[in-house]
Amino acid sequence: MVWNLFLAIIPYALSSWLLQTHWIKKQGFPLLLVLGFWLLFLPNAPYLITDLIHLRNTATSILWLDLFMLFTFAWTGLLLGAISMHQVFCVLTEKWNVTVAKRILFMIVFLCGFGIYLGRFQRWNSWELFSDPIILFKDCLRCISHPEYRIRTWGTTIGFGSLLWISFLTIQTFLSIKKASR
């Protein structure tokens, strides 16, 4: 859980750095490079929610403690991911405009949902994009197209993508209300 939380902090750290680093927002390639790494690690933040699956295997008298711990980690990961998406939205808005930024983030949340599927059910990790890219690509194609995997693949992708989009919109609304009240 601690390792997963560390991986969830990476996209938040990248987006926070990106938000504060003015020179990189003006550069095309460096900005895309940082955003690529950010996107590579973003699914790790909401992925923590999938750890709740382990509760069904828990045979303990203090199930509430396991539930509390897992929920706390999952909530923290989801919140870090949503705040990170908002920060990237601000960067994209500054670089282009609100419409482009929202369209890009809308695609990103579903890519993230697919990343969560790959991590939970296919057991892929972010860094395997570099260590086993061909095998990963073939597995992605199989998951998307093969009838045996299609329902789970698309269900997880759409479900988590929708959750992330709603989380992003919630954070965006909350932060705009907070700004307006100042």
Side-chain angles (χ1 to χ4, degrees), residues 1-51 72-120 124-137 140 157-158 160-182:
M1 294 295 300
V2 174
W3 175 250
N4 285 344
L5 190 58
F6 169 75
L7 292 174
I9 291 171
I10 292 173
Y12 174 76
L14 284 171
S15 64
S16 296
W17 177 78
L18 195 57
L19 197 59
Q20 301 301 319
T21 310
H22 299 289
W23 68 268
I24 202 167
K25 290 185 260 186
K26 296 176 181 161
Q27 305 296 318
F29 182 72
L31 176 63
L32 291 177
L33 189 63
V34 173
L35 287 174
F37 276 108
W38 171 79
L39 178 58
L40 186 63
F41 285 96
L42 182 61
N44 291 302
Y47 174 86
L48 287 158
I49 294 171
T50 68
D51 283 336
T72 302
F73 276 81
W75 173 252
T76 303
L78 184 62
L79 197 56
L80 284 170
I83 292 170
S84 180
M85 287 187 297
H86 176 74
Q87 290 175 332
V88 166
F89 173 77
C90 293
V91 170
L92 295 175
T93 299
E94 189 177 320
K95 180 75 174 166
W96 291 289
N97 61 48
V98 171
T99 304
V100 170
K102 277 197 175 180
R103 287 179 181 165
I104 290 171
L105 267 179
F106 189 74
M107 290 185 289
I108 283 172
V109 296
F110 292 103
L111 286 172
C112 194
F114 185 63
I116 292 168
Y117 167 79
L118 290 174
R120 171 52 61 197
W124 286 100
N125 294 301
S126 299
W127 52 84
E128 288 173 314
L129 179 63
F130 302 105
S131 64
D132 291 319
I134 294 170
I135 297 169
L136 172 61
F137 182 72
C140 288
T157 300
I158 292 169
F160 273 98
S162 299
L163 175 66
L164 292 172
W165 184 246
I166 291 167
S167 300
F168 162 70
L169 292 176
T170 302
I171 291 294
Q172 188 181 28
T173 302
F174 175 74
L175 293 176
S176 65
I177 290 170
K178 187 177 175 184
K179 274 184 185 176
S181 68
R182 288 182 187 178

Check your understanding: Nearest heavy-atom pair of Gly77 and Leu48: which atoms, and what distance?
Key -> CA-CD1, 3.7 Å

Review point. Roughly how far, to the nearest 0.5 Å, is CZ of Phe89 from CG of Leu169?
Key: 9.0 Å

**Study point:** Main-chain N/O of Leu40 paired with Ser126 side-chain donor or acceptor, under 3.5 Å
**Key:** yes

Review point. Do Phe114 and Cys140 come close enough that some side-chain heavy atom pair is under 4.5 Å?
Key: yes

Study note, to complete from the structure: The reported gap from CG in Leu164 to OG1 in Thr170 (rounded to nearest 0.5 angstrom) is 11.0 Å

Exercise for review: For Trp96, look at atom CH2 and say whether over 12 heavy atoms of other residues, nucleotides or ligands are found less than 6.0 Å away.
Suggested key: yes

Point to revise | Straight-line distance of Ile116 CD1 to Leu163 CG, nearest 0.5 Å | key: 8.0 Å

Check your understanding: Is a side-chain N or O of Ser84 found less than 3.5 angstrom from the main chain of Pro11, in a donor-acceptor match?
Key -> yes

Exercise for review: Let me see the working for Asp132 and Trp124 under side-chain contact (heavy atoms from CB on, under 4.5 Å), right down to the final yes or no.
Suggested key: CA-CA 10 Å; Asp132 291 319; Trp124 286 100; 4.1 Å; yes

Check your understanding: So with a 6.0 Å cut-off around CZ of Phe41, is the heavy-atom count from everything else above 12?
Key -> yes

Revision key, fill the gap. Closest heavy-atom pair, Val109 versus Phe106, reported as atoms and distance to 0.1 Å, is CG2-O, 3.1 Å

Exercise for review: Working to the nearest 0.5 Å, report the span between CG of Leu7 and OH of Tyr47.
Suggested key: 10.0 Å

Exercise for review: Start with the C-alpha distance between Leu31 and Leu18, add both sets of side-chain angles, then the distance that settles side-chain contact (heavy atoms from CB on, under 4.5 Å), and finish with yes or no.
Suggested key: CA-CA 8 Å; Leu31 176 63; Leu18 195 57; 3.7 Å; yes

Practice item. Quick one: sort the Trp165 and Phe168 rings into parallel, tilted or perpendicular, breaks at 30° and 60°. Key: tilted

Check your understanding: For Ile171 and His86, which heavy atoms make the closest approach, and how far apart are they?
Key -> CG2-CB, 3.9 Å

Exercise for review: Using the salt bridge (charged side-chain N to carboxylate O under 4.0 Å, His left out) rule, collect all pairs that involve residues 95-107, keeping only residues at least two apart or in two chains.
Suggested key: none

Review point. Going from CG on Leu111 to OG1 on Thr157, what distance comes out if it is rounded to the nearest 0.5 angstrom?
Key: 9.0 Å

Check your understanding: Does the side chain of Asn4 reach to within under 4.5 Å of the side chain of Asn44, using non-hydrogen atoms?
Key -> no

**Study point:** For Glu94, salt bridge (charged side-chain N to carboxylate O under 4.0 Å, His left out) partners two or more places apart
**Key:** Lys25

Study note, to complete from the structure: So OG of Ser15 and CD1 of Ile10: to nearest 0.5 Å the spacing works out to 12.0 Å

Check your understanding: Which atom pair, heavy atoms only, marks the closest approach of Leu105 to Met85?
Key -> CD1-O, 3.5 Å

Practice item. Say whether, by atom type as modelled, one donor and one acceptor occur between the side chain of Asn125 and the main chain of Trp127 under 3.5 angstrom. Key: no

Exercise for review: Taking atom CD1 of Ile134 as the centre, report whether more than 12 heavy atoms of other residues, nucleotides or ligands fall under 6.0 Å from it.
Suggested key: no

Check your understanding: Can you list the steps and then say if Ile108 with Trp38 is a side-chain contact (heavy atoms from CB on, under 4.5 Å)?
Key -> CA-CA 11 Å; Ile108 283 172; Trp38 171 79; 3.6 Å; yes

Exercise for review: Could you pull out the closest heavy-atom pair between Leu35 and Leu92, with the gap in Å?
Suggested key: CD1-CD2, 3.9 Å

**Study point:** Closest approach of Trp23 to Pro30 (non-hydrogen atoms, all atoms of both residues)
**Key:** CZ3-CB, 4.4 Å

**Study point:** side-chain contact (heavy atoms from CB on, under 4.5 Å) between Val2 and Phe6, worked out
**Key:** CA-CA 6 Å; Val2 174; Phe6 169 75; 5.7 Å; no

